[in-house]
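Scroll down for the structure; my scribbles are underneath it.
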Amino acid sequence: MADRWALAPAEDGGVEIAPLGPAGLPAGPVLREADLAAAVRGRPEVTRWVWRSTSEVYPRLLATGVRVERCYDIEDAETLLLGHEGRYGEPRSAAAALARLRGGPVPPDPPLRSAEPGSQSSLFEPQAVHLPLADLAEVYAEQQRRHDRTAHPERMRLLTAAESAGMLVATEMNRSGLPWSADVHRQVLHELLGERYAGGGEPRRLAELADEVSAAFGRRVRPDLPADVIKAFAQAGIRIGSTRRWEIESIDHPAVKPLIEYKKLYRIRVAHGWSWLQDWVRDGRFRPEFLAGGTVTGRWVTNGGGALQIPKVIRRAVVADPGWRLVVADADQMEPRVLAAISRDPGLMEVAGREGDLYQSVSDRAFSGDRAQAKLAVLGAVYGQTSGDGLKNLAALRRRFPRAVAYVDDAARAGEEGRLVRTWLGRTCPPAVTADDDAAEEAGIPAVEDEAAGQEWVPGYASTNARARGRFARNFVVQGSAADWALLLLAALRKACADMAAELVFFQHDEVIVHCPEKEAEAVVTAIREAADLAGRLTFGETPVRFPFTTAVVECYADAK
DNA sequence: CGTCCACGCGCC
DNA sequence: AAAGGGCGCGTGGACG
């Protein structure tokens, strides 16, 4: 594979490059060049660049207009390989990997840094340890051998390749940004919240609602302070455990209606209000920092700006450039389709082999009619629901789709027992950890108690914490395998758009937005459909399961739903 | 002054 | 219909 080259930026601003041989080691002399972008631009025949960290290299390339076809991110692969090997939490830098390889002292990872609003900073400190190309290649070659030692080497290779592709997409999206009309945004805020008073007071509508809440209680109440609201309800003879909306909603009291309205609008103001606009929108673009593989399940996260939680009403501000369109594509019932593909349940595969409404089909087969109940039951099975109607219908689900339910039940049991579970491609859920494991705690992994070790698993008799781990693992295999598939989809779509003006500008778990000239829109719609099919085949192999998308060609994001 | 945490809620 | 999985983030209050 002479088209695979390694690349290592040097301290002095130059770069080392070398072609790699079949084993992953340099197949020729290491070349030194003064200019990173020129070195890459001058070698269009290279189809995969192997480097330490995409966030170190790729923003610099994009800044000079250089895109690459593929890459291999060594530190990202290290994270996935460590996880697969059950060594989650060990330092994942290339320097640490080299130290493990040579038996030296393993350096801890550099500390994380959060982004400033509007900055283009990467997650890791810029002074992260550089490795000479020869060392980097040594780590890479060993990683190739570690792929071979996994249960499904071809899947693991696909996973690390897909994650690297995701990092290219994320970096490109960080650069392009999401088209955003500040004028429309301000107009929406004005319609919802009313005028802003000078001097930093609440906008008119919020002030009015706060007054209505106070009037209903007969005393001054700050609706944004949960403790104050709980006290006010208590004085009115109503005891509540929290001020969460679902708990407040059912209460019969005149303060409830304005209170809920206040909370909704307050949320908009603090999370996506005028100061958000000031901080995050520049030159007609919202530029959050997308981080591919930011979670253990493989879902992406964004750093700053709350890009994955844009309220529906605010989406009116996402507006295509003049003459351009947004192609908004949403995968239909992604999670049950993924469950069908990974469990190979015959009944569910048959249902998921059609493009129609999957929940209606499940309902027709299992519950004679009610689509909403079918959806609840399926999601309940995936999330590990413990009570309610979903549980009642779970029994029917189990009868009709036994292998599918058994698949997530097995994952839940493994999680409760502290064993590893993996996605279809081999992304691995962290094992049970002790309560003082900071890295796992940070990642939200429920801790295991000491006394749980060695106990036999009995359904329904696990400790609260063990059950939480079970639900985590149960969800992990589906959500994570869905993330695997979504990465392959993004990679295929990116490739299809490479020769167009079209740009991927947004990605949210099962939804992608492409910004393109109006005349390219139909080609993009086709590309999405083809990418979905290709991703399904690549990820899960031969499967009857289909992955249809709902696509809309719009000028405004809000018009897509 | 800063850091940390619970809360609550937006999205999937 | 019920409160189960994954996140980010602004706020207020506790604490140092």
Side-chain angles (χ1 to χ4, degrees), chain A residues 114-115 117 222-230 240-250 259-260 262-273 275-276 279-280 288-291 293-315 330-331 333-335 338-339 370-394 408 411-412 415 421 429 441-446 464 467-483 486 506-512 557 561:
Chain A
S114 60
R222 292 264 312 265
D224 56 324
L225 300 183
D228 204 18
V229 172
I230 288 176
I240 53 174
S242 74
T243 63
R244 287 184 171 82
R245 190 167 69 214
W246 60 265
E247 190 167 349
I248 302 276
E249 251 163 6
S250 56
L259 179 58
I260 287 175
Y262 178 94
K263 288 159 82 77
K264 188 180 133 204
L265 295 180
Y266 175 80
R267 183 74 202 167
I268 300 284
R269 192 199 61 137
V270 299
H272 289 91
S275 58
W276 181 93
D279 287 342
W280 292 104
E289 186 184 18
F290 285 91
L291 292 173
T295 75
V296 289
T297 63
R299 277 190 172 183
W300 291 21
V301 296
T302 57
N303 196 352
L308 301 183
Q309 300 104 245
I310 303 169
K312 295 237 162 89
V313 287
I314 300 297
R315 294 178 182 185
D330 204 305
Q333 310 99 29
M334 176 177 64
E335 289 182 334
V338 166
L339 177 56
D370 191 335
R371 179 189 187 273
Q373 285 192 335
K375 181 174 180 178
L376 277 177
V378 170
L379 294 180
V382 172
Y383 290 162
Q385 188 165 14
T386 55
S387 63
D389 271 14
L391 205 62
K392 183 182 69 192
N393 291 320
L394 185 59
V408 286
V421 296
C429 176
E441 290 281 291
E442 250 175 54
I445 313 302
T464 303
R467 284 199 304 274
R469 285 199 324 278
R471 288 193 297 272
F472 184 91
R474 173 191 294 270
N475 182 254
F476 178 89
V477 294
V478 178
Q479 188 188 112
S481 297
F506 189 70
F507 171 60
Q508 186 176 33
H509 315 314
D510 63 350
E511 179 180 3
V512 61
Y557 188 15
K561 294 271 162 93

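Just so it is clear: chains get the letters A, B, ... in the order the sequence lines come, proteins before strands, and each one is counted from 1. Treat the numbers as computed from the prediction; the structure is a model and nothing was measured.
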- [ ] Verify the neighbour count for atom NZ of K263(A): are there more than 12 heavy atoms of other residues, nucleotides or ligands below 6.0 Å?
- [x]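 Counting neighbours around NZ of K263(A), more than 12 heavy atoms of other residues, nucleotides or ligands fall under 6.0 Å, so yes.
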
Roughly how far, to the nearest 0.5 Å, is [atom2] of [Y] from [atom1] of [X]?
X: F506(A); Y: R315(A); atom1: CZ; atom2: CZ; answer: 6.5 Å
X: K312(A); Y: I314(A); atom1: NZ; atom2: CD1; answer: 13.0 Å
X: T243(A); Y: L259(A); atom1: OG1; atom2: CG; answer: 7.5 Å

Within the sub-3.5 Å range, which N or O atoms of nucleotides 10-12 of chain B have a protein N or O partner, and how far apart are they?
{"residue": "dG10(B)", "atom": "OP1", "partner": "R245(A)", "partner atom": "NH1", "Å": "3.4"}
{"residue": "dG10(B)", "atom": "OP2", "partner": "R245(A)", "partner atom": "NH1", "Å": "3.3"}
{"residue": "dG10(B)", "atom": "OP2", "partner": "R245(A)", "partner atom": "NH2", "Å": "3.4"}
{"residue": "dG10(B)", "atom": "N2", "partner": "Q309(A)", "partner atom": "OE1", "Å": "3.4"}
{"residue": "dG10(B)", "atom": "N2", "partner": "Q309(A)", "partner atom": "NE2", "Å": "3.1"}
{"residue": "dC11(B)", "atom": "OP1", "partner": "K312(A)", "partner atom": "N", "Å": "3.1"}
{"residue": "dC11(B)", "atom": "O3'", "partner": "R315(A)", "partner atom": "NH2", "Å": "3.0"}
{"residue": "dC12(B)", "atom": "O3'", "partner": "D510(A)", "partner atom": "OD1", "Å": "2.4"}
{"residue": "dC12(B)", "atom": "O3'", "partner": "D510(A)", "partner atom": "OD2", "Å": "2.9"}
{"residue": "dC12(B)", "atom": "O2", "partner": "R299(A)", "partner atom": "NH1", "Å": "2.8"}
{"residue": "dC12(B)", "atom": "O2", "partner": "R299(A)", "partner atom": "NH2", "Å": "3.2"}

Value in whole Å for how far the [atom2] atom of [N] lies from [atom1] of [X]:
X: L225(A); N: dC9(B); atom1: CG; atom2: P; answer: 13 Å
X: R474(A); N: dG6(C); atom1: CZ; atom2: C1'; answer: 16 Å
X: L265(A); N: dC9(B); atom1: CG; atom2: P; answer: 13 Å
X: H272(A); N: dT11(C); atom1: NE2; atom2: P; answer: 13 Å
X: N475(A); N: dC7(C); atom1: CG; atom2: C1'; answer: 11 Å
X: R222(A); N: dG8(B); atom1: CZ; atom2: P; answer: 15 Å
X: Q373(A); N: dA1(C); atom1: CD; atom2: C1'; answer: 9 Å
X: R269(A); N: dC9(C); atom1: CZ; atom2: P; answer: 18 Å

Task: Check: I260(A) and I248(A) side chains under 4.5 Å, non-hydrogen atoms - done: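 The answer is yes, as the side chains (C-beta and beyond) meet within the 4.5 Å cut-off.
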
Task: Heavy-atom side-chain contact between N475(A) and V382(A) under 4.5 Å - done: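 Yes - at least one pair of side-chain heavy atoms lies under 4.5 Å apart.
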
Open item on the list: Could you check whether any side-chain N or O of D228(A) sits under 3.5 Å from a backbone N or O of R222(A), counting only pairs where one atom can act as donor and the other as acceptor?
Closed with: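 It does hold such a pair.
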
Open item on the list: Taking the nucleotide of DNA chain C with the nearest heavy atom to each, does E247(A) or W276(A) sit closer to the 5' end?
Closed with: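 The answer here is E247(A).
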
Task: DNA chain C: 5'-proximal contact among D224(A) and W246(A) (nearest heavy atom) - done: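 Nearest-nucleotide comparison on DNA chain C picks W246(A).
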
Open item on the list: Starting the side chain at C-beta, find the nucleotide from dC7(C), dA1(C), dG5(C) nearest to L376(A).
Closed with: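 The nucleotide sitting nearest to the side chain is dA1(C).
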
- [ ] Measure up the W276(A) and H272(A) rings against each other and bin them: parallel (under 30°), tilted (30 to 60°), perpendicular (over 60°).
- [x]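 Rings of W276(A) and H272(A): tilted, 30 to 60°.
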
Open item on the list: Mind checking if F507(A) touches a base, just sugar-phosphate, or nothing, with heavy atoms under 4.0 Å?
Closed with: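 It contacts nothing in the nucleic acid.
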
- [ ] With heavy atoms under 4.0 Å as the rule, sort G294(A) into base, sugar-phosphate or nothing.
- [x]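 No contact.
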
Please list each protein N or O that sits under 3.5 Å from an N or O in nucleotides 4-7 of chain B, with the distance.
none

Task: CA sep, side-chain torsions, deciding dist, call: V296(A), F472(A), side-chain contact (heavy atoms from CB on, under 4.5 Å) - done: CA-CA 11 Å; V296(A) 289; F472(A) 184 91; 3.8 Å; yes

